[in-house]
Number of protein chains: 2
Amino acid sequence: MRVVRAGSFTIAASQLGLSRALVSRHVGELEGRLGARLLNRSTRSLSLTEEGAAYLEFCERVFRDIESNERAILRTRAEPVGTLKVLAPKSFGTIHLSDAVIAFAKAQPRLRVSLVLENTPYRGSYDFGERGLDLVLCFSTMRSASVVEQEIGTLEWVLCASPDYLARAGRPQSPSDLGEHSCLVHVDVMPNDSVWRFEGPTQPSLASQATAGLSPPKRRARRRKGSVAVKVRGAFFSNAALTLAKAAAAGLGVTLVPRYAVADDLAAGTLVNVLPRYRAASRTLLAVYPAAPTIPRKVQAFVDFLKLWMAEHDIGRRKPRVAAE
Amino acid sequence: MRVVRAGSFTIAASQLGLSRALVSRHVGELEGRLGARLLNRSTRSLSLTEEGAAYLEFCERVFRDIESNERAILRTRAEPVGTLKVLAPKSFGTIHLSDAVIAFAKAQPRLRVSLVLENTPYRGSYDFGERGLDLVLCFSTMRSASVVEQEIGTLEWVLCASPDYLARAGRPQSPSDLGEHSCLVHVDVMPNDSVWRFEGPTQPSLASQATAGLSPPKRRARRRKGSVAVKVRGAFFSNAALTLAKAAAAGLGVTLVPRYAVADDLAAGTLVNVLPRYRAASRTLLAVYPAAPTIPRKVQAFVDFLKLWMAEHDIGRRKPRVAAE
DNA sequence: ATCTATTGTTGCATATTACACAACAATAAC
DNA sequence: GTTATTGTTGTGTAATATGCAACAATAGAT
């Protein structure tokens with residue numbers, strides 16, 4: 001191609017940065033392989049044979065194809081295109097992630113987005129392979145060198161109950177009081193389901209003053225380096241945070257669920273925060289994707305978007321205002 | 001492609017006769033060059049990424065293209081296809097070659113044939129290059145290492161005149177008698193146009209006996225190793241053999257032209273052979289084509305056909321029967 | 001849960017080849 | 001005839017392509 005375009009072996013060689021010898025050899029080898037002379041060459045002029053003209057046309061077509069394809073592939077590095085398949089825990093995904101994904105899909109019209117929600121989010125590299133997933137969102141580390149984990153944000157769990165339940169059963173003043181309460185327990189996701197951990201209380205001076213005389217020596221609550229773990233008596237169990245929230249709203253008891261599950265109820269007053277000065281163990285949301293030299297643009301875009309989105313929407317982050325008691 | 005088809009690096013490697021290391025490296029380099037991961041590989045399973053699937057499809061398309069094209073090129077080696085451009089001397093081509101070319105074109109329906117007739121048939125490698133000729137037919141050697149010359153057949157030149165001219169001017173008994181005759185000379189093609197050379201006479205014993213007493217010591221005819229050269233006095237000149245034949249038929253004189261030019265006249269009796277026992281210097285028809293490692297199938301086919309055709313049609317070969325005197 | 005066999009990846013030594021240089025051959029212009 | 005330019009071919013060297021071996025990682029078996 002270059003020889004024909006240049007009209008001369010010598011010029012083509014200098015354009016290609018090769019010696020004339022190589023160019024001559026390459027053309028000769030190609031002719032030998034095809035078994036047909038492609039160029040009629042006399043010392044001064046160069047011209048295509050019939051086969052040469054046909055072959056040149058073919059080569060140019062193939063090169064155009066290759067070029068356009070490489071451009072297409074390079075574009076996937078420049079902008080998010082194609083399909084993005086995300087796997088996420090069902091409850092978290094249903095309630096809050098769906099909004100984020102919808103917003104993301106709207107912002108990326110050239111990207112098809114698929115959100116797969118399951119209760120058992122990740123079963124190994126199988127998901128990235130056969131299932132064709134690009135990204136898995138989960139709360140526990142994979143402990144595998146073949147994946148990359150990136151923190152998206154922290155999800156805070158909140159302790160809450162309905163006002164009428166609290167009016168009926170009394171408002172707990174410290175975590176240890178929870179042992180006496182009807183607790184609605186989220187199972188299968190948090191480790192040690194029946195043990196709730198808290199940190200705090202915040203404003204320790206005030207809290208200690210306020211509760212010094214009221215709270216008896218803690219029973220069944222073991223403090224450990226500023227955190228307290230209390231074994232609760234479950235009255236109702238579910239692996240779905242929304243179900244627990246509904247149960248709590250119905251006055252069934254006190255529940256510890258991710259904030260996203262009860263955000264609406266808290267805003268509406270159907271549920272109120274219990275022990276606001278204590279912070280339940282928060283869990284970081286991880287974005288997990290296969291370890292590769294380069295992260296696909298679409299994955300990067302989604303991770304970035306989700307980080308920003310979670311920060312902006314303040315999911316799981318404790319609101320500045322303290323719920324009025 | 002082979003890795004995907006095999007479903008495994010190891011299997012693909014053994015199928016390709018390479019080591020796993022190379023296959024891994026090749027795929028890795030390709031991914032690096034494209035900037036995108038093509039295969040999701042975990043130890044046990046292999047699967048395509050979205051980019052990988054698209055790229056595979058593209059590669060298969062390109063490979064199909066290449067394969068079909070190479071088949072097309074290989075077919076030009078198996079059977080004569082395409083276009084064959086032949087250059088030939090105008091007079092020879094017009095009269096006799098055209099029939100052969102027409103027959104050849106009929107026998108090769110997949111081959112387009114172009115017959116270019118010129119009085120100056122060959123001007124160097126320019127014809128094979130810029131003009132796109134595949135084959136040049138001519139009577140003189142090229143004396144060039146960059147072309148191949150192949151003998152197609154021998155064209156005999158015959159001395160003839162019209163019966164009425166002979167009745168008027170007398171029938172020559174030996175070449176030397178031609179000096180006294182009105183000669184119609186073919187110029188520009190034979191070297192030394194005004195010198196006619198003959199060999200013979202055939203049947204030397206009879207001829208010598210028959211002419212011993214009749215012919216005086218030859219004047220203006222120099223014998224050389226069995227051949228005789230006679231300088232003729234031109235009465236009419238042309239570079240077109242057909243024109244000379246017409247002139248001779250019109251009774252203008254004796255002419256020496258290729259047999260093909262007067263075949264019809266001889267058969268019709270419009271012209272008769274003069275000095276049939278002498279053989280005018282015959283000229284071999286050469287097929288000239290560019291020197292290349294492999295001769296194009298279409299050229300080879302035409303050369304073969306033309307050789308056979310000339311042998312069958314006995315062009316220029318002295319007919320077994322001797323023209324009746 | 002531990003072990004094991006298999007698979008893909010990487011460091012390193014080597015054999016292959018790709019390449020440039022130089023001499024040569026050939027042709028068109030002077 | 002002379003000459004400059006162009007394509008081709010022989011030869012030594014440098015770049016690379018390849019295989020081997022060790023390694024890392026995972027899925028299945030125990």
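Letters A, B, ... mirror the listed sequences (proteins, then strands); counts begin at 1.
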* Criterion side chain to side chain contact (heavy atoms under 4.5 Å, CB included) on B:Lys298 and B:Asp134, from CA distance to verdict -> CA-CA 9 Å; B:Lys298 57 188 182 184; B:Asp134 296 297; 3.7 Å; yes
* Asked: When you look at A:Leu285 and A:Leu137, which way does the side chain to side chain contact (heavy atoms under 4.5 Å, CB included) test go after all the steps?
  -> CA-CA 7 Å; A:Leu285 179 66; A:Leu137 297 172; 4.2 Å; yes
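Open room surrounds CD on A:Glu151; 12 or fewer heavy atoms of other groups in view lie less than 6.0 Å from it. Residue B:Glu79 qualifies as enclosed at atom CD: its count of foreign heavy atoms under 6.0 Å is above 12.
Scanning residues 5-19 of chain B for heavy-atom distances under 4.0 Å to DNA chain C yields B:Ser8, B:Phe9, B:Thr10.
The backbone N or O of A:Leu38 sits less than 3.5 Å from a side-chain atom of A:Thr49, completing a donor-acceptor pair. In this structure, B:Gln150 contributes its side chain and B:Ala287 its backbone to no donor-acceptor pair below 3.5 Å. Although no hydrogens or angles enter the test, the distance criterion places no donor-acceptor pair under 3.5 Å between the side chain of B:Thr76 and the main chain of B:Val81. In terms of modelled atom types and a separation under 3.5 Å, the side chain of B:Gln300 and the main chain of B:Thr294 share no donor-acceptor contact.
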Validation: residues 11-30 of chain A side-chain donor-acceptor distances under 3.5 Å, sequence neighbours left out:
from: A:Ser14; atom 1: OG; to: A:Ile11; atom 2: O; distance (Å): 2.9
from: A:Ser19; atom 1: OG; to: A:Leu22; atom 2: N; distance (Å): 3.4

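The phosphate of D:dA17 (OP1 or OP2) has no side-chain N or O of B:His26 nearer than 4.0 angstrom. At C:dA26, none of the side-chain N or O atoms of B:Ser144 fall inside 4.0 Å of OP1 or OP2 (strictly under the cut-off).
Considering NZ of B:Lys90 and CG of B:Leu97, their distance stands at 14.0 Å, rounded to 0.5 Å.
With sequence neighbours excluded, no residue forms a ring pair (Phe, Tyr, Trp, His ring centres under 6.0 Å) with A:Tyr289.
Here the closest non-hydrogen pair linking B:Phe128 and A:Asn40 is O-ND2, 3.0 Å.
Projected onto DNA chain D by closest heavy-atom contact, A:Val23 and B:Glu29 fall at different nucleotides, the more 5' of which corresponds to A:Val23.
B:Phe128 has its CZ atom 15 Å from the C1' atom of C:dT27, to the nearest Å. Rounded to an integer number of Å, the gap from CG of A:Leu46 to P of C:dA28 is 13 Å. Distance CG (A:Leu39) to P (D:dT6): 16 Å, rounded to an integer number of Å.
Taken over five-pair windows at either terminus, the axes of the helix from C:dA1-D:dT30 to C:dC30-D:dG1 are inclined to one another by 30° (rounded to 10 degrees).
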With the criterion being N/O to N/O and under 3.5 Å, what pairs connect the protein with nucleotides 10-16 of chain C, and how long is each?
from: C:dG11; atom 1: O6; to: B:Arg25; atom 2: NH2; distance (Å): 3.0

Identify all pairs in which a protein N or O lies below 3.5 Å from an N or O of nucleotides 2-5 of chain C, and state each distance.
from: C:dA5; atom 1: N3; to: B:Arg44; atom 2: NH2; distance (Å): 3.2

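The closest side-chain donor-acceptor pair between B:Thr83 and A:Glu50 falls under 3.5 angstrom.
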